[in-house]
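Taking it in order: structure first as structure tokens, then the write-up.
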Amino acid sequence: MEEQIKKIKQTSEKEIADAKDLKVLEDLRVKYLGKKGELTAVLRGMKDLTPEQRPVIGSLVNDVRDELEKQIKEKEAKLKEEELNKRIESEKIDITLPSTKTRRGSLHPVTRIIEDMEDLFVSMGYDVVQGPELETDEFCFERLNLPKGHPARDMQDSFYITDEYLLRTQTSAVQARTMLANTEKTPIRMITCGKTYRREDDATHSHQFNQIEGLVIDKKERNVSLADLKGTLEIFVRKIIGANLDLRFRPSYFPFTEPSYEVDVTCFKCGGKGCNLCKQTGWIEVLGAGIVHPNVLKMNGYNPDEYGGFAFGTGIDRLAMFRYGITDMRYLYTNDVRFLNQFDRKDEE
């Protein structure tokens, strides 16, 4: 039996040394060390040996097993290293070849405007506040001095979900929510940006668009006046749209402010000469503003004899049109990559 074991050792060592891949090596392991392997068969035949021979043969078989396991492990490591080197060589990349250019996106122009406006107003001490897009009739209209049946509601051709709930037509609803939430009546300086919805669709209007609203409320003794509003809007327009634009302030009507006025800027397309975009006037309206109406203060928890302030609002999409020279608002929502990927360059200019 000792001769048989020595022969198994000699043969197996040669086959392990000559193994060319991991599959052949695994087959050899099963052949000699598996449950039905040749060394296992030798152990099973030990029942026919004398008690004196069994420990000698058992020790010899264990020694051969340990040696073969060691050789198989070393051969396996060598084969794996050779296989890895072959893969590295075959998958090598020539870094001197020109690369495939990765298409890089850019921020949407509306997002750029929103971020710039928030940065500007935060630097002026304003808070950025958010509100729901699905709004109640109460906050969207009634608390802003627009009771049911008010003719100004007709201008906002709204998307109602139920008799009470609608997609908000203006972000002004967030102003009412902010005033009601301010139970301690501390000074309010806030802006809110977000989507609004109206049934409109032409070159300068869309059924979905973005608005920014601003609100300042304080005690009347601090004298928050129309002059403060005018100065704020001048900084806002010249910083966001352009320092070289001319501004025009003219009286107007809004149910939630009194007095109210609108701000126009020189048409960016014709430079004020008159064109189809500005309807031959040379001016384009950019925002509405005014002193907060006493009724709005009263309905939202403030005594109009003690508190006052101003509010303003404008369409963000239209500001993007002014800044980047976009002549049709609908371009902002077509998702044309050729249109959208140019704005990094435009901001650098």
Side-chain angles (χ1 to χ4, degrees), residues 103-121 128-135 140 155-159 166-174 191-214 233 236-245 247 262-271 275-279 281-289 312-349:
R103 297 184 66 185
R104 183 171 67 92
S106 63
L107 288 177
H108 193 281
V110 172
T111 302
R112 293 173 181 272
I113 294 288
I114 290 174
E115 291 181 351
D116 288 349
M117 289 190 299
E118 289 180 348
D119 288 344
L120 172 64
F121 280 103
V128 179
V129 182
Q130 298 295 328
E133 292 180 27
L134 182 61
E135 191 55 272
C140 197
M155 300 170 59
Q156 298 192 18
D157 226 0
S158 311
F159 293 102
L166 70 156
L167 296 177
R168 66 183 181 187
T169 62
Q170 53 196 2
T171 48
S172 306
V174 182
I191 61 164
T192 181
C193 302
K195 295 185 182 68
T196 54
Y197 305 85
R198 298 182 191 177
R199 193 171 177 273
E200 300 174 331
D201 188 23
D202 58 43
T204 57
H205 297 84
S206 172
H207 67 279
Q208 173 192 298
F209 56 100
N210 295 272
Q211 275 192 341
I212 178 174
E213 298 271 348
L233 296 181
F236 168 58
V237 170
R238 295 188 186 279
K239 177 69 175 178
I240 299 301
I241 305 177
N244 297 323
L245 292 176
L247 279 72
E262 293 182 358
V263 179
D264 304 331
V265 297
T266 310
C267 177
F268 64 86
K269 184 177 179 182
C270 65
C275 65
N276 60 336
L277 183 64
C278 63
K279 300 177 182 177
T281 64
W283 298 93
I284 298 179
E285 175 195 343
V286 290
L287 59 86
F312 59 89
T314 183
I316 299 172
D317 310 68
R318 192 171 295 185
L319 296 181
M321 294 175 66
F322 297 154
R323 173 184 282 187
Y324 297 114
I326 301 168
T327 57
D328 193 324
M329 183 181 290
R330 289 167 288 195
Y331 291 154
L332 296 172
Y333 300 102
T334 56
N335 293 324
D336 189 333
V337 176
R338 296 169 300 176
F339 170 75
L340 296 174
N341 64 10
Q342 63 185 303
F343 292 100
D344 278 342
R345 175 176 54 81
K346 282 185 173 290
D347 274 351
E348 289 172 1
E349 293 172 353

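Treat the numbers as computed from the prediction; the structure is a model and nothing was measured. FYI, side chains are in, hydrogens and waters are out, and symmetry mates aren't considered; it's all heavy atoms of this structure.
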(request) Return the minimal non-hydrogen interatomic distance between Tyr197 and Glu133, and the atom names on each side. (result) OH-OE1, 2.6 Å

(request) Determine yes or no for a side-chain-to-main-chain donor-acceptor pair under 3.5 angstrom, with His108 supplying the side chain and Leu332 the backbone. (result) yes

(request) Please round to the nearest 0.5 Å and tell me the distance separating atom CG of Leu319 and atom CD1 of Ile241. (result) 5.0 Å

(request) Nearest 0.5 Å please: distance from the CG atom of Leu166 over to the CG atom of Leu134. (result) 7.5 Å

(request) Run the numbers on Arg168 and Val174 for side-chain contact (heavy atoms from CB on, under 4.5 Å), then give the verdict. (result) CA-CA 10 Å; Arg168 66 183 181 187; Val174 182; 3.8 Å; yes

(request) Ignoring hydrogens and angles, tell me if any N or O in the side chain of Arg318 forms a donor-acceptor pair with the backbone of Glu285 under 3.5 Å. (result) yes

(request) State, yes or no, whether a side-chain contact exists between Gln208 and Leu167 at a heavy-atom distance under 4.5 Å. (result) no

(request) Flag the pair Pro109 / Asp317 as yes when at least one side-chain heavy-atom distance between them is below 4.5 Å, and no otherwise. (result) no

(request) Give the minimum heavy-atom separation between Ser172 and Glu213, together with the two atoms involved. (result) OG-OE2, 2.9 Å

(message) Ignoring hydrogens, what is the shortest heavy-atom contact between Gly282 and Cys278? Give both atom names and the distance.
(response) N-SG, 3.2 Å

(request) Please examine the side chains of Thr314 and Ile212, heavy atoms only from C-beta on, and report whether any two atoms are closer than 4.5 Å. (result) yes

(message) I need the Arg198 CZ to Ser158 OG distance, nearest 0.5 Å.
(response) 8.0 Å

(request) Write down the atom of Thr171, the atom of Thr192, and the distance for their closest heavy-atom approach. (result) O-CG2, 3.8 Å

(message) If you compare all heavy atoms of Ile326 against all heavy atoms of Phe339, which two are closest, and at what distance to 0.1 Å?
(response) CD1-CZ, 3.6 Å

(message) Are Phe236 and Met117 packed together at the side-chain level, in the sense that at least one heavy-atom pair is separated by less than 4.5 angstrom?
(response) yes

(request) Applying side-chain hydrogen bond (donor to acceptor under 3.5 Å, both in side chains), name anything that partners Gln130, two or more places apart in sequence or on another chain. (result) none

(request) Would you sort out whether Trp283 and Val265 count as a side-chain contact (heavy atoms from CB on, under 4.5 Å), showing the intermediate values? (result) CA-CA 6 Å; Trp283 298 93; Val265 297; 5.5 Å; no

(message) Is any side-chain heavy atom of Phe209 closer than 4.5 Å to one of Ile316?
(response) no

(request) Would you give the length of the straight line joining atom CZ of Phe159 to atom OG1 of Thr196, rounded to the nearest 0.5 angstrom? (result) 10.5 Å

(request) Looking only at non-hydrogen atoms, find the nearest pair between Ile284 and Cys267 and report the distance. (result) CD1-SG, 3.9 Å

(message) Within the structure provided, determine whether Leu287 and Val237 are in side-chain contact (heavy-atom separation under 4.5 Å).
(response) yes

(message) Can you tell me how far apart CZ (Arg323) and CG (Asp116) are? Round to the nearest 0.5 Å.
(response) 4.5 Å

(message) Let me confirm one number: the CG-CD1 distance from Asn210 to Ile114, rounded to the nearest 0.5 Å.
(response) 5.0 Å

